[in-house]
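Before any comments, here is the structure.
First the proteins, then the strands, lettered A, B, ... as listed; each starts at 1.
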Amino acid sequence: MSLQEICQWINDTGPATALRESELAFPIVESIHVLAIALMAGTVSIVDLRLLGIVLKKEPVSQVADQVLPLTWAGFALMTISGVMLSAAEAAKLYTNPVYRIKLVLLVLAGLNPLIFHSTIYKSVSAWGEWPRPPARARLAAICSLTLWSAIIVAGRAIAYYH
Amino acid sequence: MKLKIAAIALFVAGLGVYPLSAHHSFAAEFDGTKAVRLVGKLTKVDWSNPHSYFYIDVQDDKGQVANWGCEGAGPGALSRRGLKKGDLKIGDTLVVDGYRAKDGSHLIDARRVTLPDGRNIYGGTPGDGGPGDNGPQQ
């Protein structure tokens with residue numbers, strides 16, 4: 001079974017078809033997706049801006065992260081669930097959409113970024129967490145995060161303009 | 001400091017591009033100066049979000065038949081205008097007034113669809129800024 005056939009199969013399942021052909025459910029899930037992105041990207045930006053030494057400079061990085069990141073995870077979960085639902089509803093069409101592919105690659109990169117960050121420079125956060133301007137490695141991770149999530153939002157919006 | 005400004009600028013630019021409008025606009029895909037009327041037999045219906053599509057076989061002056069795609073509003077907007085999924089039957093002859101895609105393909109934005117019983121429905125996506133958008137629905 002090719003990837004295209006898998007996408008077509010997902011597209012034709014009962015729940016995906018019901019969502020695609022719905023009058024209200026689809027726009028509701030779309031709205032939830034946008035709100036979840038706002039929660040996720042908004043809260044992760046607070047941590048990124050702290051890492052860049054732009055906001056909350058007097059608060060230790062770990063305290064900002066501990067308070068804010070649970071909300072980021074909540075947004076991420078909601079965003080993923082709603083995103084999978086919307087993707088399933090349009091799976092056959094999305095298979096050929098170049099921007100959707102770019103978005104998936106960007107999502108993988110945006111996922112790798114915190115994995116690398118938490119397994120490297122963040123391990124020594126007790127040493128630099130109170131610096132107003134954290135070390136370059138931490139700032140780089142923050143810039144990658146802000147750039148990737150911005151690009152993902154732009155790509156998500158651009159999907160509608162390509163077939 | 002330069003890094004900070006660059007990071008903020010990049011972030012703001014990223015968010016700024018994200019429009020608050022509904023789905024894609026008329027002008028993104030269709031040419032408002034290329035009006036066309038298609039008459040043909042319905043071959044397929046995609047009753048789907050965020051846009052519906054239906055396909056008709058259209059015969060040109062030389063007798064060649066081509067299958068044209070017609071894009072319309074989603075199920076919610078169409079059903080509020082009185083067009084239900086079952087109203088479009090495969091094999092029906094439809095008259096579709098719309099505008100051609102900018103890329104010249106066999107795709108039109110269906111602004112008005114006339115069914116075999118003479119009933120006609122505005123097919124445009126609400127708020128897309130295309131011809132007849134929010135206009136009178138005669």
Side-chain angles (χ1 to χ4, degrees), chain A residues 11-12 16-31 34 37-38 41-42 44-45 48-49 51-55 57 85-86 89-93 99 106 132-133 136 139-163, chain B residues 1-30 44-54 69 71-86 88 101-103 105-107 109 125-128:
Chain A
N11 190 87
D12 295 343
T17 301
L19 184 58
R20 180 174 59 255
E21 298 188 350
S22 66
E23 292 181 17
L24 265 181
F26 192 93
I28 288 170
V29 177
E30 267 186 324
S31 302
V34 173
I37 289 166
V44 83
S45 299
D48 292 334
L49 293 172
L51 288 172
L52 288 171
I54 293 169
V55 301
K57 282 179 254 190
M85 288 169 76
L86 293 170
E90 294 191 87
K93 218 164 71 181
V99 185
L106 290 170
R133 189 166 184 257
R139 281 181 278 130
L140 179 65
I143 287 174
C144 287
S145 168
L146 290 170
T147 308
L148 284 168
W149 286 114
S150 299
I152 288 164
I153 290 169
V154 173
R157 181 65 278 210
I159 286 170
Y161 296 82
Y162 292 83
H163 286 255
Chain B
M1 194 59 205
K2 271 184 188 165
L3 205 61
K4 283 185 201 170
I5 293 167
I8 294 171
L10 204 63
F11 188 60
V12 171
L15 294 182
V17 174
Y18 189 83
L20 294 170
S21 65
H23 218 257
H24 72 209
S25 68
F26 174 86
E29 207 171 345
F30 300 98
K44 186 184 167 197
V45 179
D46 280 339
W47 188 254
S48 63
N49 278 288
H51 299 283
S52 291
Y53 294 88
F54 55 95
E71 182 178 305
L78 290 179
S79 74
R80 280 194 297 279
R81 295 173 194 152
L83 184 71
K84 301 289 179 187
K85 189 183 178 186
L88 295 170
K102 283 179 172 175
D103 66 6
S105 62
H106 283 172
L107 176 72
D109 186 272
T125 301
D128 71 354

* So which heavy atom on B:Asn49 is nearest to which on A:Leu19, and how close? -> ND2-O, 3.5 Å
* If you look at every heavy atom in B:Trp47 and A:Glu21, which pair is closest and at what distance? -> O-CG, 2.9 Å
* Is there side-chain contact between A:Glu90 and B:Ser48, with at least one heavy-atom pair below 4.5 Å? -> no
* Asked: Considering only heavy atoms, which portion of A:Ile152 lies under 4.5 Å from any heavy atom of chain B: side chain, backbone, both, or neither?
  -> neither
* Asked: Is chain B contacted by the side chain of A:Ser22, its backbone, both, or neither, given a heavy-atom distance below 4.5 Å?
  -> both
